[in-house]
Each structure stands twice: as structure tokens, then as C-alpha cells.
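As C-alpha cells, the structure follows; a few thoughts come after it.
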Amino acid sequence: MSFTNLWLDYRKLDITDDRFKKIYISSCEDKALAASKEIARAAKELYGIDAQIIDSDNSEQNEGISLVIDKKLKDEQYDIECKNKSISISSGSGAGLLYGAFALIRRAVCGDIGENYSESIIPSNPLRMLDHWDNSDGSIERGYSGNSFFFKDGEIIINERTRAYARIIASVGINGIVINNVNVKDEAVRFISSDYYEPLRELQKILAEYGIKMYLSISFDAPMELGGMDSADPCDKAVAEWWRDKMDEIYEALPGFGGVLIKADSEGRVGPFSYGRTQAEGANMIADAIKPHGGTVIWRCFVYNCHMDWRDRKSDRARASYDNFYGLDGEFEDNVILQIKNGPMDFQVREPVSPLFGAMPKTNQMIEFQIAQEYTGQQIDLCYLIPWFRQVLSFKTYHRNDNDTVADIICGISAVTNTGNDENWTGHELAAANLYGFGRLAFDGSLTAEEIAREWIVQTLGHSDKVMDTVERMLMESWPTYEKYTAPLGVGWMIAPETHYGPDVDGFEYSRWGTYHYADREGLGVDRTIMGTGFVEQYRPENASVYADVKTCPDELILFFHHLPYSFILKSGKTIIQHIYDTHFEGVEDCEKMAEAWKELKDHVSERVYKNVSERIDMQIANAREWRDRINTYFYRKSGVEDEKGRLIYK
Ligand code: GCW
């Protein structure tokens with residue numbers, strides 16, 4: 001089993017820094033020890049220094065690096081302060097010291113820790129999570145980088161990779177992980193039973209050393225599946241009691257356990273609706289049981305009817321989360337957090353922000369992104385998602401006041417992760433920028449996508465300007481490029497059903513999933529105005545009025561909100577049909593240019609990286625061409641409109 005350490009594979013620098021020779025730990029907290037070990041490791045690998053870890057404070061010596069617990073600071077906050085020959089890292093807790101240590105190392109790798117350097121950061125989000133969709137048999141739902149490194153054949157795996165992973169994600173500030181798929185099946189049902197407590201305890205211990213809490217996805221109908229009861233009704237006292245006993249048992253076996261994630265009433269899973277109860281009644285029953293132990297219930301809002309009828313143009317899957325949850329504001333226990341996907345549909349390359357954000361001011365909410373590139377190229381195509389996540393987080397909800405953005409109202413941020421047991425963790429070498437970037441953005445929301453990209457490039461690929469310029473451009477252009485050659489103008493869902501890779505324009509069109517584009521010979525798009533499904537009314541008037549009017553609705557979302565003729569003129573000045581043709585030709589050209597640019601880096605990156613990315617770019621070009629030709633031909637055949645530039649469209 002071999003694996004890289006991603007951005008933590010330090011390269012020797014050609015400068016040195018004597019301050020790294022001595023590391024003082026004045027605190028006996030475990031994580032001060034972990035932090036000092038990280039600094040010592042970096043000292044060795046970056047500067048060739050054998051650092052001394054000294055168990056006292058350095059107030060007298062005034063040299064070296066000191067790690068200090070300062071209870072005046074917030075738990076996960078860290079302050080770095082350099083003075084002459086010394087650097088101090090302080091925090092309210094050991095976890096904060098670890099973040100400070102990684103920040104100092106990052107600074108050492110990316111630039112230079114000047115004599116008067118200082119930095120003080122309080123994390124933007126208290127809860128920063130990765131959700132694994134790993135199954136107990138070792139497969140990963142929507143996984144594109146190998147199998148699970150947590151499970152195999154119903155067993156829990158604990159090895160060097162476990163620790164390496166904890167270290168990697170702690171270095172960007174992740175403090176919670178859900179280790180198993182929200183679709184809880186097979187052996188995973190029994191993770192909350194004595195069969196699994198021992199290995200889980202061991203796993204939890206390793207994670208805790210890096211400040212990470214472990215969470216499990218559980219089944220709402222566990223009382224039946226596991227407890228042999230004949231109901232999982234949240235209003236049945238015996239069911240509630242079963243959960244209380246279960247939580248007592250779990251916490252006795254796994255002290256410090258973070259809590260549970262639940263997908264209920266969604267895609268065939270049982271939930272409170274199965275018993276005629278509300279989502280709040282379901283969540284609260286489990287929240288009550290876990291509360292005495294300080295645990296959290298993360299309850300997903302991805303609740304929708306997946307047996308829709310394409311004939312009914314009034315029904316709309318986009319409405320579902322809001323319709324199911326909005327009326328329940330204030331009814332959830334304070335240890336419940338609603339986990340809401342960034343958009344109202346499902347991780348498409350472009351969607352508006354879910355109107356549920358901010359719409360429930362008396363309820364805890366967190367956002368769920370997806371860095372597993374399910375619909376965005378599956379880690380074959382390059383798609384750096386951080387620019388988009390930033391846009392989503394800065395979206396104004398207008399719920400509490402005029403300035404409240406999504407980032408302001410959430411108490412947590414999560415992403416379905418893109419990792420697996422591939423040697424490089426993420427399949428595509430450059431897809432690791434999404435893992436890194438998500439963590440960094442979650443920790444420090446003020447960072448730009450470009451800053452994050454640059455940090456990642458230097459740490460991962462080294463200091464060459466040529467590499468920096470090329471890879472930064474590749475990353476920053478990749479999401480717009482993917483959007484160009486796939487489904488246009490926010491309409492989404494022209495992707496192959498089941499696999500979710502490659503084009504199939506009508507693949508979902510008459511299916512039960514509620515994902516339609518309604519293309520005919522006149523035009524396409526979904527009318528979500530008041531004349532159509534009425535979805536737009538779920539936004540506050542400030543946003544609703546922008547989306548409802550074709551004159552103000554942004555081009556990139558116009559077919560999400562409106563059904564329009566091919567001749568409709570966009571704000572760009574192009575007709576919709578010409579936009580479709582142009583972007584699909586451009587998308588392929590962008591990929592071809594990217595291939596050229598990458599070739600120039602042959603002698604500037606390692607052979608492993610060069611080969612991996614080259615192979616994937618070839619596959620991406622093939623995919624982009626297939627998309628271009630299928631989409632252009634489809635819309636040419638439907639509309640009969642010629643490309644004004646006379647390019648080749650297959651008839
Ligand atoms: O996007 C869909 C995926 C399912 C996934 C579901 C969800 C885990 O296609 O594979 O199931 O979303 O988010 O629950």
C-alpha cells in the first residue's frame with residue numbers, strides 16, 4: 001500500500017530558518033505535542049534541521065518556536081507572532097495549536113516567515129466536515145478514486161493511511177468526518193452495535209489526535225433493522241426509548257463521538273413521513289436521545305419525491321426541500337443541524353442557491369457541497385469548484401437583513417469528499433485542489449479561490465513560476481470550461497442517468513427523477529415563475545424579482561427559471577441557440593488549449609503527476625467532444641437553426 005501525503009509532502013527549501021531548531025511546549029495537552037511533532041517534521045524536511053522539543057516555556061530564552069495555550073483565545077483560534085528570533089503560536093486549545101503549526105509550515109513553504117510576521121485567525125465555521133459516502137464492503141457511492149480506506153468486506157481498516165489521512169485533513173482545518181455513506185446498508189447498519197465499537201473506538205482515537213470528531217450515518221429505521229421492533233415511528237414511546245438506550249450505549253463505547261447524519265424520506269429511505277410525522281418529529285426524537293451526551297444530529301434536507309411524472313409541468317423537484325422544511329422553523333431541537341445541499345436540485349454544474357438558506361432563522365443550518373465530482377467530471381475532467389463555492393457562500397439571502405449571506409447564517413459547512421484509496425487519494429492529481437480548497441475555504445472564508453489555488457500549487461508542485469502560472473490558469477478556467485461543454489444556461493441534467501458521466505440529453509427527460517429540460521422545436525428550459533412551478537417565490541422578494549424577470553435573471557441561470565425560445569436574446573447579445581453552439585465549440589477548444597499548456601510542463605513536474613494529468617486530459621477532451629457533438633446536433637435537429645459561424649454540426 002503506498003500513498004502520497006498530498007500537499008504535506010514537503011520539499012527541501014534552499015533557505016533555512018534557525019527558529020525551527022527549538023520548539024517549546026509549555027502545555028501538556030496532547031495536541032501541543034502533535035503540533036510540535038508537525039513542526040519538527042517540517043523542520044527536518046524543509047530545512048534539514050533536527051529540532052529539539054523542549055518541555056518548558058521559553059519566556060526567558062526568547063528564541064525558537066513556542067506553543068502556548070492561552071485561554072483568552074477561542075478554542076480553535078490561533079495567533080502566530082514573530083519577534084526577532086522567536087515565534088509564538090498560541091490558541092485556546094490544543095487543536096488550535098495544531099492549526100497554527102500547520103499554518104506556520106504553510107507559510108514557510110509558500111513564502112517566508114519574516115521577522116515580524118503575524119497572523120491571527122478564528123475559523124469562519126465552527127463545524128467543518130467531510131462526508132464520506134463509503135460503504136461497508138469497501139465500495140464508495142459516487143467515488144472516483146479507488147475504494148474506501150475505512151472499510152473492506154465489512155471490516156474497519158486501521159493502518160498508516162488512517163493516520164496520514166487525519167493529518168492531511170487536519171492540516172486544512174477539517175474537524176469532523178462522517179465515515180460512512182448516508183445510504184446506510186449491509187454491515188453499516190450494525191456500526192452502531194457492539195460488533196463494531198472496538199475498531200471504531202480505535203479509529204476515533206486517531207482522529208481525535210488531530211482534532212477531528214467522528215460521526216456516523218445511521219438509518220432512521222434502525223429500531224427495526226437492528227432492534228427487531230415492528231416500527232420506527234418517532235411518536236412511539238418504545239421507539240424513542242430504544243434510541244435513548246442506543247445513544248447511551250454508543251457513548252459509553254465511544255466517548256467523544258460527534259453525532260449522527262441522517263438521510264430520511266429520500267430516495268427510498270424510511271423516515272418520519274413513512275409514519276405521517278414531520279421531519280422535526282423525526283429529528284427531535286434522535287436529538288433528545290443524543291443530547292445528554294453532547295452529540296449532534298445532522299439531518300439532511302434532501303427530501304423529495306423521486307417518483308415524479310414528467311407530464312405534470314406544475315410539480316417541481318426544486319421546490320421540495322423548502323416545501324418540506326420551511327414551515328418547521330423553530331421546531332427543531334437546538335442540537336439538530338439541517339444539512340442543505342448548495343442548490344435546490346443536486347450538485348449540478350450550475351444551480352441557484354437553495355432558497356432554504358436563511359429562510360429558517362430559528363433553526364441551525366449547514367451547507368452541503370460536493371467535491372466528489374459526481375456531475376462535474378468525476379475526477380477525469382478537471383473542475384476546480386472553489387470559485388463556485390465562494391459565490392454560493394456570498395449569496396445574499398435577505399432573510400434577517402439586507403446583508404446576510406449564506407456564509408453569515410450557517411453554523412457548519414460540509415462536502416461529500418472526493419477521496420479513495422488511490423495512491424494519490426483523489427484520482428486526478430489536480431482534483432486534490434478541491435479537497436485542499438474546501439478545507440481552507442471552510443476555515444477561512446476570506447480567502448479567494450486564486451489564493452487557495454496558489455497555496456495548493458506551491459505546496460504540491462513546487463516553486464516554479466511556470467508551473468504556478470499554468471496550473472493556476474488551468475484550475476481557474478476549469479469550472480467555466482466544464483459548464484460550457486455540458487448543460488447550458490443552468491438547465492442541467494443532460495448527463496447520462498445512472499453513471500452521471502457524459503452526455504445523454506434526453507436520458508432523464510421522461511424519468512421519475514423530476515429533472516427535465518422540456519426542449520421542443522421552439523425552445524427549452526423550466527418555467528419556475530409564478531406562471532410555471534412557482535419555485536421562484538421561495539426566495540425573498542429581492543431575489544425572487546431578479547430571477548422572475550427574464551430581463552434581470554442572470555444568463556447562467558436563465559433556463560433554470562424560464563422556458564424560452566431559441567431566438568431569445570441573452571444579456572451577452574447572443575441568441576440562446578447561438579450561445580449553445582458557441583459554448584460547446586469553445587468548451588472543447590478550452591480543453592485542447594489546456595492540453596497544450598500542460599505539455600509544456602513535462603519537465604517541470606514529477607513523472608507521476610505528468611502522466612496522470614496527461615491521461616486524464618485526453619479523456620476529458622474525448623468527453624468534451626462527445627458533449628459538443630451530441631448537444632449541438634440535438635439542438636440543431638430540434639430547432640433547425642444553422643450555426644451562424646458555419647462550423648461542423650453533425651446533422
Ligand atoms: O446525487 C445523488 C446521488 C446519490 C446520493 C444522493 C444523496 C448518496 O446520485 O448517489 O446518494 O444524491 O445525496 O443522498
Side-chain angles (χ1 to χ4, degrees), residues 341-353 369-392 395 418 428 430-431 433-434 437 449-450 453 473-496 500-505 507-508 515 517 519 524-526 547 553-562 564 570-572 574-594 616-617 619-632 634-635:
K341 287 193 181 185
N342 60 275
M345 295 298 274
D346 191 8
F347 302 138
Q348 298 299 288
V349 68
R350 176 79 73 169
E351 287 184 42
V353 170
F369 288 116
Q370 193 190 44
I371 54 173
Q373 292 170 239
E374 176 179 356
Y375 293 97
T376 51
Q378 305 199 345
Q379 287 137 249
I380 295 170
D381 302 28
L382 184 63
C383 195
Y384 176 56
L385 292 158
I386 308 306
W388 191 27
F389 296 174
R390 284 206 96 234
Q391 284 181 19
V392 171
F395 178 77
N418 60 356
H428 196 310
L430 305 188
N434 281 328
E450 290 88 343
R473 203 166 344 106
M474 284 169 67
L475 289 174
M476 290 306 296
E477 288 173 3
S478 60
W479 171 53
T481 293
Y482 189 82
E483 184 177 22
K484 281 184 202 170
Y485 62 78
T486 55
L489 302 166
V491 76
W493 300 106
M494 292 182 177
I495 207 153
H500 301 172
Y501 187 79
D504 186 349
V505 187
F508 278 103
T515 47
H517 57 66
L524 82 158
V526 188
Y547 293 140
C553 184
D555 280 354
E556 65 272 15
L557 287 172
I558 202 147
L559 298 178
F560 191 94
F561 287 102
H562 300 275
L564 294 170
L570 296 165
K571 278 159 215 73
S572 65
K574 290 182 184 179
T575 59
I576 285 184
I577 191 72
Q578 196 56 43
H579 172 97
I580 294 176
Y581 296 151
D582 285 353
T583 49
H584 285 80
F585 284 110
E586 269 169 41
V588 175
E589 286 157 21
D590 288 355
C591 295
E592 289 164 349
K593 280 191 213 134
M594 174 170 76
R616 282 170 200 245
I617 292 178
M619 290 191 273
Q620 177 169 4
I621 291 177
N623 187 36
R625 286 185 183 146
E626 196 61 25
W627 272 98
R628 174 195 64 194
D629 293 340
R630 289 232 215 158
I631 296 277
N632 285 348
Y634 181 96
F635 286 103

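All values below come from the heavy atoms of this structure, side chains included, with hydrogens, waters and symmetry mates left out.
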Test item: [X] and [Y] side chains (from C-beta on) under 4.5 Å apart, heavy atoms:
X      : Y      : answer
Asn623 : Ile380 : no
Leu559 : Leu524 : yes
Asp555 : His579 : no
Val526 : Phe560 : no
His517 : Met494 : yes
Met476 : Tyr384 : yes
Glu592 : Arg625 : yes
Ile617 : Met474 : yes

Closest contact, heavy atoms only, Ile386 versus Gly437: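 That closest heavy-atom pairing would be CD1-C, 3.5 Å.
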
Salt bridge present between Lys593 and Glu586 (N-O < 4.0 angstrom):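 Result for this pair is no, no salt bridge flagged.
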
With sequence neighbours excluded, residues passing salt bridge (charged side-chain N to carboxylate O under 4.0 Å, His left out) with Arg350: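 Only Glu483 meet the salt bridge (charged side-chain N to carboxylate O under 4.0 Å, His left out) criterion with Arg350.
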
Salt bridge (charged side-chain N to carboxylate O under 4.0 Å, His left out) involving Asp629 - partner list, sequence neighbours excluded: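 Salt bridge (charged side-chain N to carboxylate O under 4.0 Å, His left out) check on Asp629 returns nothing, list empty.
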
Aromatic plane relationship, Phe508 with His500 - under 30° parallel, 30 to 60° tilted, over 60° perpendicular: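 Because their plane-to-plane angle lies in the 30° to 60° range, the rings of His500 and Phe508 count as tilted.
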
Parallel, tilted or perpendicular, as decided by the 30° and 60° cut-offs, for the rings of Tyr547 and Phe561: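 Answer is parallel, since the angle falls under 30°.
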
Flag for Asp381-Tyr501: side-chain donor and acceptor within less than 3.5 Å: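 Present: a donor and an acceptor within the cut-off.
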
Candidates Phe347, Trp479, Phe369 - the one meeting ring pair (Phe, Tyr, Trp, His ring centres under 6.0 Å) with Phe389: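 Only match with Phe389 under ring pair (Phe, Tyr, Trp, His ring centres under 6.0 Å): Phe369.
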
Test item: Gln620 side-chain N/O and Cys591 main-chain N/O as donor-acceptor pair under 3.5 Å: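 Not confirmed, Gln620 side chain does not pair with Cys591 backbone.
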
Interatomic spacing from CD in Gln373 to CG in Asn434 - rounded to 0.5 Å: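 With rounding to 0.5 Å, CD (Gln373) is 5.5 Å from CG (Asn434).
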
